[in-house]
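Okay, structure first, notes after.
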Amino acid sequence: MSEFKYKSSQLHIEGVAISTISKSIPTPFYVYSATMIENNFLSLQSRLSDLNHLICFAVKANSNQAVLRTLAALGSGADVVSLGELKRALHAGVPPHKVVFSGVGKKAHEIEYALEQGILQFNVESVAELHNINKVAIKCNKSANIAIRINPDVAVDTHAKITTGTAENKFGIGYEQALDTFVLADNLPAITVQGIHVHIGSQITDVTPFKAAFKRVADLYKQLNALGIDIKVLDLGGGLGICYDPENDSLPDMAEYRQIIEDELSEFNCQYIVEPGRSLTADTGCLVSEVIYDKLGTDRNFLIVDAAMNDFARPSLYDAYHRISPVLESTKPNKKYDIVGPVCESGDTFAVARELPELESGDLVVIQDCGAYGAVMSGTYNTRPLIAEVMVKNDAFAVIRKRQNLDDLINLDQIPNWLAS
Ligand SMILES: *Cc1c(COP(=O)(O)O)cnc(C)c1O
């Protein structure tokens, strides 16, 4: 259930009015509802109850320490894709035995650190990586627990940039080579094969492609079993979608999702890992921004807001639709606006021809559903410092990441001595 509601015409997150937060924190900023993060986690957990499972939150969706800590406190594990994310997860209190390490380009020093920490498993994406993990593990005198990510060649109806499970994607081992790769892995001295991994894409709202993918996992399990290769873990990936646009999106049918797991995989008595990112945090956060100017034209009306594509990339990167709402509920007549940021790119556009009550300079708006793939994807293009992140819990709010200081940002650059005066 959403914790974003108008009370006395003011948009609130839980018990806190956004206008109250903006009095002490300059816009733009991200704000998350801790209660919604908790509820999303608990609801998935209860959906999977009685299945031997571990939820490993995909840290790349939102890696703020306060968000990770909120999830870790409920028992969440972590799916990480870099040394940085691994350190973030451990620092936030996720125990190493609940961490899986995914990603196509793990480097030796990252593998070594993960081995020393004793993570649950590496999700291996290529033969070259397998050999490298084996080599590093020998050097560290350890054995590396691995799952092999298979590419089930299943198409998913989502944006081309976030589909990952078809043969033309860079992810995983092609299904045809999977068996040979498992056999190879099983023969490497410092590798312990324990799992099969599959992740077919993101923002999946129709769960039927999972059935095809899990069928392939089941087939492979049986073939491996016949060869005496013992699979204990089935890592089913993430990818569950959320409703960005109530007029066009449906939510995934979670009862059906569970049923597909049971139908296709329950005969094997494995532990399931699921790696949701978006579905745990996307709807729990919004980006608060102030209108700098309105610019009314004959063809188009523009609202120029103080957030931009560097702060929130999804609309420019994926043509993503995000609802935008005024912070003060208004009775003014509607106007059609293109909502754009100040960055010098035409792609710096959050919405086109969007109906909103008339707004003017100084008014606040929120871009909704920014709690996943929001702050984590931000950059400093146009020398715009990274913005603050705020968390609300009941009637309290706290800054969970300070806005980057402009001097700090500039001072990251160094002058070579031939330019120094
Ligand atoms: C990105 C990713 C996830 C999380 O995907 P969501 O769509 O956010 O749930 C899970 N597993 C892997 C391997 C990923 O790359």
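In listed order, ligands and their atoms are each counted from 1. Hydrogens, waters and symmetry mates play no part in the numbers below; they use all other heavy atoms, side chains included. Just so you know, these numbers come straight off a predicted model, no measurement behind them.
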R384/D311 ion pair, N-O < 4.0 Å: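 Result for this pair is yes, salt bridge flagged.
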pair L51-L48: side-chain heavy atoms closer than 4.5 Å: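 They are in contact (side-chain heavy atoms under 4.5 Å apart), so the answer is yes.
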Validation row: S325, Y6 side chains within 4.5 angstrom (heavy atoms):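 Yes, their side chains come closer than 4.5 Å.
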Sub-4.0 Å atoms of ligand 1 with respect to non-hydrogen atoms of [X]:
| X | answer |
| --- | --- |
| R278 | 6 (P), 8 (O), 9 (O) |
| A58 | 3 (C), 4 (C) |
| R149 | 13 (C) |
| E275 | 3 (C), 4 (C), 9 (O), 10 (C), 11 (N), 12 (C), 13 (C) |
| S202 | 6 (P), 7 (O), 8 (O) |

Expected output: side-chain K98 to main-chain G75 donor-acceptor under 3.5 Å: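 A pair under 3.5 Å: yes.
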Centroid-centroid under 6.0 Å between [X] and [Y] rings:
| X | Y | answer |
| --- | --- | --- |
| Y321 | Y244 | no |
| H199 | F171 | no |
| F302 | Y337 | no |

Within-cut-off N or O pair, K60 and ligand 1, under 3.5 Å: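 Yes: some nitrogen or oxygen of K60 is under 3.5 Å from one in ligand 1.
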Any N/O pair G237/ligand 1 closer than 3.5 Å: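 No, no N or O pair falls under 3.5 Å.
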Please confirm whether [X] comes under 4.0 Å of ligand 1, counting heavy atoms of the residue only.
| X | result |
| --- | --- |
| G239 | yes |
| Y373 | yes |
| P276 | yes |

Flag if over 12 foreign heavy atoms under 6.0 Å of NZ, K107: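 No, NZ of K107 has 12 or fewer neighbouring heavy atoms, counting only those of other groups under 6.0 Å.
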Mode of N123 contact toward ligand 1 - side chain, backbone, both, neither (heavy atoms, under 4.0 Å):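 Looking at N123 and ligand 1, no heavy atom falls under 4.0 Å.
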